[in-house]
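One structure is given here, and the rest of the page talks about it.
Residue indices begin at 1 and follow the sequence shown. As a basis for the values below, the full set of heavy atoms in this structure was taken, side chains included, without hydrogen atoms, waters or symmetry mates. Indexing begins at 1, ligand by ligand and atom by atom, following the structure's order.
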Amino acid sequence: MEKEDVVDELIQKVAEAVPHISSGLMHRREYVGEENPSDEKMMEADVWANEFFKEKITSIEGVGQFASEEEHEVTDCGEGLSVAIDPLDGSSNIPTNNLVGTIVGIYDGVLPCSGEDLVAAFYILYGPLTTVTVARNGQVDEYVVEESSGDEVNLYLASEDVEIEGKKTYGFGGNKSWFESFEELEEEFSDEFKLRYGGSLVGDFNQMLHHGGVFGYPAKEGYDNGKYRILFEGNPMAFIAETAGSASSNGDRSVLDVQVDDIHQRTPFFAGHPDMVERIEERAL
Ligand code: AFP
């Protein structure tokens, strides 16, 4: 299959999983007593969603590698594009019925590879509406997922060619351990912009995408490289932000320019209006 067709198939197959994932969360809100490769507690929903997506994605012709935030190693599954996924980002928000998401990066390269090798990226946001936001071919489009018959879903184009405009909101994670220089910057931003932070990367990023502003998770005490995994979270979200005409940064340069040597490598992460990202970089945080 042509790479474009593989990307189409990936978006459709992952979207088809939405009704199954949404209905399956209710009975999978307990922690399983194991940790993922990033030493984070795994919820039953994390394990289950990972297995569900892995089976769908590795069975697609034209997908050669599969990597997940929940698995230690890359799975080789044929020839073609490489897929890196955060199956259920924000799963700790499920017990409080907060927003959760699925993040997918599609790379034309052998994993681990840098964001420059991304050919497309998309996320699913499980909210009042379930939406799929896709960055490909230089454009970001948002679709609403509507369940149809059986496993079929319809994707309705809700927003075409989305661009991040304006500097309305800001939101930064990990506030319990920020370095002092970042605390000072956040105080400036809190005087100038509206705070939007909900503890869910996909939900918080999506607000920034539509409202205009900046979102991030900086390096902090004990986490010199921040919290987000570059392959599964940082690169795909940076690709979407930059495709939407905005900027991303690890505090120094575009997240997409960062060399990736390990599939679970972390990165400080900022994305949003270029002026706001530039102010963060100027503080060399
Ligand atoms: P979980 O997947 O463990 O819920 O973590 C979610 C997340 O990676 C991301 O979605 C949030 O932006 C971030 O963690 C919140 O981290 P803090 O709880 O440290 O603010």
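- Look at Glu281 and Arg253 and you find no salt bridge, because none of the NZ, NE, NH1 or NH2 atoms lies under 4.0 Å from a carboxylate O.
- Geometrically, ligand 1 and Leu201 share a nitrogen or oxygen pair separated by less than 3.5 Å.
- The structure places OG1 of Thr58 at 12.5 Å from CD of Gln65, a figure rounded to the nearest 0.5 Å.
- The side chain to side chain contact (heavy atoms under 4.5 Å, CB included) test with Glu40 is passed by exactly one of Glu70, Glu69, Glu35: Glu69.
- Neither the backbone nor the side chain of Lys176 has a heavy atom within less than 4.0 Å of ligand 1.
- Side-chain contact between Ile124 and Val18: present, with at least one pair of heavy atoms (C-beta onward) separated by less than 4.5 Å.
- In terms of protein heavy-atom proximity, atom 5 (O) of ligand 1 is nearest to Lys227 NZ, 3.7 Å.
- Ligand 1 has an N or O atom lying under 3.5 Å from an N or O atom of Gly90, backbone or side chain.
- Looking only at heavy atoms of the protein, atom 12 (O) of ligand 1 is closest to Tyr228 OH, 2.6 Å.
- Between Asp89 and ligand 1, a contact under 3.5 Å exists for at least one N or O pair.
- Taking the six-membered ring where tryptophan is involved, the planes of Tyr217 and Tyr228 are tilted, since the angle between them lies from 30° to 60°.
- At under 3.5 Å, a nitrogen or oxygen of Tyr217, whether backbone or side chain, sits near a nitrogen or oxygen of ligand 1.
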side-chain contact (heavy atoms from CB on, under 4.5 Å), that's the test. Do Phe205 and Ile240 meet it? Break it down for me.
CA-CA 10 Å; Phe205 179 98; Ile240 292 167; 3.9 Å; yes

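- For Tyr197, every heavy-atom contact with ligand 1 shorter than 4.0 Å involves the side chain, none the backbone.
- Around CG of Asn97, the count of heavy atoms belonging to other residues, nucleotides or ligands within 6.0 Å does not exceed 12.
- Counting atoms of ligand 1 from 1 in the listed order, those under 4.0 Å from a heavy atom of Gly174 are 20 (O).
- Considering Glu186, Glu192, Glu184 in turn, Glu192 is the only one that fulfils the salt bridge (charged side-chain N to carboxylate O under 4.0 Å, His left out) rule with Arg279.
- Proximity of Glu40 to ligand 1 is not established, as no heavy-atom distance is less than 4.0 Å.
- With a 4.0 Å cut-off on non-hydrogen atoms, Ser200 touches ligand 1 through its backbone and not its side chain.
- Among all non-hydrogen protein atoms, the one lying nearest atom 4 (O) of ligand 1 is Ser92 OG, 2.6 Å.
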